[in-house]
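The block underneath contains the structure these notes are about, expressed in structure tokens.
Keep in mind that the numbers below use all heavy atoms, side chains included, and drop hydrogens, waters and symmetry copies. Numbers for residues simply follow the sequence, beginning at 1.
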Amino acid sequence: MQKTVIEIDNIKKVYRLGTIGGGTLKGDIASWWARVRHKDDPNLRIGEKAYKKNEKFTALDGVSINVKKGETLGLIGRNGAGKSTLLKLLSRVTAPTEGEIRINGKISSMLEVGTGFHPELTGRENVYLNGAILGMSRKEVDERIEEIIDFSECRKFIDTPVKRYSSGMFVKLAFSVMAHLNADIMLMDEVLAVGDMAFQKKCIDKMVSAARDEGKTIIYVSHNMQTIRQLCNRCVVLDGGKVAFDGDVEEAINIYLKNDTITAKVFNDFTDCHKYDFLTDKVIMDSLEVLDKDNCHFKDDEKIRFELKFHCNESVDNLSFRMMVHNNDQMITATSVCYNFMGCKKGESYSRVFELDVSTLSNGLYKVLPVLFELDELGNVIDADGVYPGLLFEYEHTTPIAWKTKLYGDTVLPDMICE
């Protein structure tokens with residue numbers, strides 16, 4: 001029978017909202033005196049919310065999980081579900097408000113890119129630093145250093161200060177250190193998303209080998225369901241700081257995706273949709289409506305005809321449009337583009353009908369990110385507005401066909417037609 005290496009017993013973690021202190025004694029006294037007189041806090045920025053003294057947020061609420069030696073446990077859930085908080089508690093970065101965590105073994109963690117690395121030290125020096133943090137002797141690190149460097153693919157830069165590393169190089173070296181040093185438990189929080197596809201596969205193979213051959217325990221947080229399937233033999237779904245499911249990987253993924261599914265609608269209003277920070281807002285999409293259909297279920301050679309309505313805050317000469325199709329695992333699987341379909345003037349509203357051929361997609365449910373963009377004089381893409389998901393649809397082949405695919409399974413879609 002496998003030994004239990006992690007026992008999480010009814011853990012609760014509560015955070016106090018807002019700034020804990022003003023940074024100086026003078027600032028704290030000024031804030032206190034303003035509260036006494038029921039005045040605005042002089043240390044708050046304009047528009048910043050002043051939280052009440054006892055206003056709190058419960059990140060984890062009664063979580064209990066047992067993990068056995070050699071298990072690869074996946075943690076999935078929406079943003080804010082408590083996944084990263086749980087890993088911080090296991091790493092002892094912070095302490096639980098209530099409950100108890102019992103750990104049997106050494107822990108190595110990657111909670112974010114570059115965690116535990118000193119920017120002024122070289123890659124080689126940081127390997128020894130991480131080994132010392134894990135309680136390893138210099139001799140033990142010496143025995144593994146060449147293997148770590150080879151796996152990281154950073155030998156050319158290993159004696160360069162890591163402050164000059166790219167985020168991808170950080171991940172490669174940090175993962176290599178974590179995977180090869182003498183730790184019993186590995187904690188990973190969505191860090192492989194930074195690395196390239198080949199290195200991601202290499203890392204997953206290494207973790208599978210570490211769990212199977214070396215008996216290491218792995219807890220892995222990711223929004224990429226494909227890597228969860230490849231790596232994990234058990235999965236926990238967190239929802240609102242509580243355990244919604246603990247068990248089979250496929251069943252856990254289905255529960256997570258079902259909770260995350262948005263109802264497919266023929267008419268999609270973008271008026272109150274969340275806008276991303278990197279958008280210019282020169283052109284704003286108002287709505288997207290599927291035409292000639294009373295549902296969003298498409299079959300065989302059926303094309304998606306839709307009307308896009310938008311208005312212009314600034315004039316744009318070469319407005320372009322793309323549709324990025326995401327599969328049920330929330331990975332981009334296809335893209336279709338319509339370049340330079342029109343120019344538009346400031347203060348004007350427009351409506352255009354597009355036709356999207358999705359016949360090369362495989363059967364399944366898809367979410368679409370529509371994006372209006374322009375190209376500068378150097379051909380660089382400048383996104384004006386995008387909404388995700390702007391459209392949800394299901395596609396079905398009633399007769400088997402062979403569809404054309406690119407590397408990594410990206411489906412080839414024809415360019416959109418603007419009618």
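We find the NE2-CG distance between H311 and D286 to be 5.5 Å, quoted to the nearest 0.5 Å.
Judged by distance alone, the side chain of S176 and the main-chain N or O of I148 form a donor-acceptor pair under 3.5 Å. Side-chain atoms of E302 come within 3.5 Å of backbone atoms of K299 as a donor-acceptor pair (strictly under, hydrogens ignored).
For the side-chain contact (heavy atoms from CB on, under 4.5 Å) test, residues two or more places apart in sequence or in another chain that qualify with V14 are K12, K56, T58, T97. Applying the side-chain contact (heavy atoms from CB on, under 4.5 Å) criterion to S287, with sequence neighbours excluded, gives F267, K309. Under the rule for a side-chain contact (heavy atoms from CB on, under 4.5 Å), the partners of N10 that lie at least two apart in sequence or sit in another chain are S64. Listed by chain and residue number, K88, S91, L111 satisfy the side-chain contact (heavy atoms from CB on, under 4.5 Å) test with V93 (two or more places apart in sequence, or in another chain). Under the salt bridge (Lys or Arg N to Asp or Glu O under 4.0 Å) criterion, R234 pairs with E71, D246, not counting sequence neighbours.
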Task: Step-by-step ring pair (Phe, Tyr, Trp, His ring centres under 6.0 Å) determination, H326 to Y366 - done: CA-CA 6 Å; H326 296 67; Y366 296 93; over 10 Å; no
- [ ] Show the numbers, then the answer: is there a side chain to side chain donor-acceptor pair (under 3.5 Å) between D142 and Y128?
- [x] CA-CA 8 Å; D142 284 339; Y128 284 96; 2.4 Å; yes
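Aromatic pair F57/Y15: ring centres not closer than 6.0 Å. Aromatic rings of F341 and F354 (six-membered ring for Trp) have centroids within the 6.0 Å cut-off, being under it.
Closest non-hydrogen pair, K83 versus I76, comes out as CD-C, 3.6 Å. Contact detail for C232 and L73: the closest heavy-atom pair is SG-C, 3.9 Å.
Counting heavy atoms from C-beta on, the side chains of N130 and F117 come closer than 4.5 Å.
The salt bridge (charged side-chain N to carboxylate O under 4.0 Å, His left out) contacts involving residues 158-168 comprise E120-K163, R124-D159, where partners must be two or more places apart or lie in separate chains.
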